[in-house]
Number of protein chains: 2
Amino acid sequence: MVTMKQIAELCGVSRGTVDRALNGRGRVNAETAENIRKMAKQLGYEPNPAGKALAARKHRPVIGIILSSEGNAFFDRVIEGIKAAAEEYKIYGLQVEIHTMKGYLPEDQLALIESIQADVNALILNPINDKRIVQKIDELVDAGVFVVNLNNDVDGSKRHCYVGSDYYNGGITACALLEAMIGTSAKIGLVLGSRQVLGHKQRLEGFYHRMKRVKDFEVIDVIEHEDDEIFAYERTKEFLRLHPETTAICALAAGVYGIGRAVMQLPEEKRPMVIAFDSVPTTVEMMKFGVVRATLYQHPYRQGHLAVDLAFAYLVNGRLPEKQEYIMKNEIRLLENL
Amino acid sequence: MVTMKQIAELCGVSRGTVDRALNGRGRVNAETAENIRKMAKQLGYEPNPAGKALAARKHRPVIGIILSSEGNAFFDRVIEGIKAAAEEYKIYGLQVEIHTMKGYLPEDQLALIESIQADVNALILNPINDKRIVQKIDELVDAGVFVVNLNNDVDGSKRHCYVGSDYYNGGITACALLEAMIGTSAKIGLVLGSRQVLGHKQRLEGFYHRMKRVKDFEVIDVIEHEDDEIFAYERTKEFLRLHPETTAICALAAGVYGIGRAVMQLPEEKRPMVIAFDSVPTTVEMMKFGVVRATLYQHPYRQGHLAVDLAFAYLVNGRLPEKQEYIMKNEIRLLENL
DNA sequence: TTGTACGCGTTATCAA
DNA sequence: TTGATAACGCGTACAA
């Protein structure tokens, strides 16, 4: 393991100069700087995180987290992951501040970002898909803030990386799972929050794509519930009344409890097979009732933890993420392996 | 964040004394020691890993790893996880040495352990279920070596912790999955390495336990292939010849490729549904052929990584694991979400 | 029994 | 443009 001290000796300069050269702090002769960089590369120098961490303790870097999570139980586990990571890194002086909000109004999120942006070194957020949000992200990145998009992404922003699930593959997997469980013939109702939401739209597309390969799958209709449990209940109920021929319902987003309650009003032998996403407590309840047969799980805890890991690695150890996107697998879970 | 220095000042002693009191190095007045410990507890003192890591760099702690992995592709990903973790911690002076072996003879493993035990501070191994191995583990623990059992456990040993999968639940989940995919009626062949292997036996028990709840599931026979691909092929072939009524085969352990090849000799419409464990390349191939319909995945990469994480936390940061057992979930995967 | 001083690798400040 | 020095928290050798 090679250290700055060794490089300094070999180059015949002081550690301070090596530091300036390697970390681009300026005020160093271009020639010696080049020489030092070459030597460092040749020796395979890697900064020691422990040393960095120790020295960084004075900084007390702050990670601000903004989540549109209120009323969405999926984020409960995400937040647990965030808190576990925060606890783990507290010792390095890292401060993590979580701000939650309700709904998806861009101006609300914008206001929240602006209220904290002066005080954070990194920002983790589930961005709302809006021009102004993208601009704000870019502004922060340009100002030196490390930005992670969590659980959903917006395209064209300068965010350092994205942590979340693969929505398109989620749709594909949901369709494949349905085929595996119900056979090649089904009359299907698809339920989601809104086609405006990028992730929901992608899942829908994935589902349709995979469906081309199944002989007798037919989508009767796509129901949108605007992420509202009551709407999910009412609209599913109405859908089932209009379409008693339905044999499967695929809940591509939240609202599972409402959907389940609507399905439960049918006599058992007439109930369609329901599959869902995530395993929030109310969904688990529906699985115990036998109403929801399977669910697709996307490691919410790990998503939260990883987002903080990446910000930590950058702030304390100066390490940029290796990848632009950290995508969780879609895991299939039955009641038995929840 | 409270440091030893602060505690020293508050107690009116030197930092050296605090160190001795808190780390039980002796040579310190019992009364002052007690006082210091109380103060530390009261302030919620937690040693700073960065400081520890830096100071520990002279030690160059060694983790020895012994795996009966040769010829078992499952461990390829486990080893990738181990190597990734080793790379991550190299900077802290951690050395990781992997030793692989073939087969499950206790004396072989014993000899391997003995050949390295003088040189390691921690040992990670997948122990063979044998009295002598248990004794050896206990001997090492008593000698101050940190021991992690990986992928399978032996009962009654003093190992610090176990990292691996939940075999019993794996059997339960396999049965539930089969029911979800094939319906409530099936004539089943169960294939595994050997009932002598604890994990295989537990999966078998889990499968039988869950099967009680399914009306028309019937196990025709249990085939043992001694973890040999050719035996798996031959015996499955013979089984299918004797029992053309078979509608499902559940591969509870390795040998999936041999099983698949035997199944492929039947005309497509007569093939039983096959489900398996793990997703090694040959199993993936069988899934692409449509022969294996689903597999149960147990996070091999994370198993390997976590085992090293725990040893690192102990050796460099002096942290004992929070849990005795770190159990991975059994995840269901189709070709689509592999 | 206790205190002092140094080193681990890095960053930051100040003086040259 | 540079170098020297102190500091971060901990472990430890040595002196008192």
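Here is how names work: the chains are called A, B, and so on, in the same order as the sequence lines, proteins then strands, and each is numbered from 1. Computed from heavy atoms alone, side chains included, the values below leave out hydrogens, waters and symmetry copies.
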Q: Starting at CD1 of B:Ile36 and ending at P of C:dT1, how long is that distance when rounded to a whole Å?
A: 13 Å

Q: Rounded to whole angstrom units, what separation is found between the NZ atom of A:Lys5 and the C1' atom of C:dC8?
A: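 Taking NZ of A:Lys5 and C1' of C:dC8, I get 9 Å after rounding.
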
Q: Are side-chain N/O atoms of A:Tyr314 and A:Asn121 paired as donor and acceptor at under 3.5 Å?
A: no

Q: Does A:Thr17 place a side-chain N or O at less than 4.0 Å from the phosphate oxygens OP1/OP2 of D:dT2?
A: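 For D:dT2, OP1/OP2 do not have a side-chain N/O of A:Thr17 under 4.0 Å.
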
Q: How close or far is atom P of D:dT2 from atom CD1 of A:Ile7, stated in whole angstroms?
A: 16 Å

Q: Each nucleotide N or O in nucleotides 11-15 of chain C that has a protein N or O under 3.5 Å away: list the pair and distance.
A:
unit_1, atom_1, unit_2, atom_2, d
C:dT11, OP1, A:Lys52, NZ, 3.2
C:dT11, OP2, A:Asp19, OD1, 2.9
C:dT11, OP2, A:Asn23, ND2, 3.1
C:dA12, OP1, A:His59, NE2, 3.1

Q: Using whole Å, what does the distance between atom P of nucleotide C:dC8 and atom CG of A:Asn48 come to?
A: 12 Å

Q: Please report, rounded to the nearest Å, how far the P atom of D:dT2 is from the CG atom of A:Asn35.
A: 11 Å

Q: What is the distance from CG of A:Leu22 to C1' of D:dT2, rounded to the nearest Å?
A: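 About 16 Å, once rounded to whole Å.
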
Q: Tell me whether the OP1 or OP2 atom of D:dT2 has a side-chain N or O from A:Thr32 closer than 4.0 Å.
A: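 For D:dT2, OP1/OP2 do have a side-chain N/O of A:Thr32 under 4.0 Å.
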
Q: Does one side chain, of A:His305 or A:Glu88, offer a donor that lies under 3.5 Å from an acceptor on the other?
A: yes

Q: Measure from CG on A:Asn29 to C1' on D:dG3 and round the result to the nearest Å.
A: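 In whole Å, D:dG3 C1' lies 15 Å from A:Asn29 CG.
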
Q: Pick from A:Ser279, A:Pro300, A:Ser69: which one makes a side-chain contact (heavy atoms from CB on, under 4.5 Å) with A:Phe74?
A: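 So the option named by the test is A:Pro300.
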
Q: Check this for me, if you would: do A:Arg159 and A:Asp153 make a salt bridge, where the nitrogen-to-carboxylate-oxygen distance has to be below 4.0 angstrom?
A: yes

Q: Check this for me, if you would: do B:Glu46 and A:Lys90 make a salt bridge, where the nitrogen-to-carboxylate-oxygen distance has to be below 4.0 angstrom?
A: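 Here B:Glu46 does not pair with A:Lys90 in a salt bridge, since their nearest N and O are not under 4.0 Å apart.
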
Q: Is there a donor in the side chain of B:Asn152 and an acceptor in the side chain of B:Tyr162, or the other way round, less than 3.5 Å apart?
A: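 No, no side-chain donor-acceptor pair sits under 3.5 Å.
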
Q: Taking for each residue the nucleotide of DNA chain C bearing the nearest heavy atom, is the 5' side occupied by B:Leu54 or by B:Gly12?
A: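 The residue closer to the strand's 5' end, by nearest nucleotide, is B:Gly12.
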
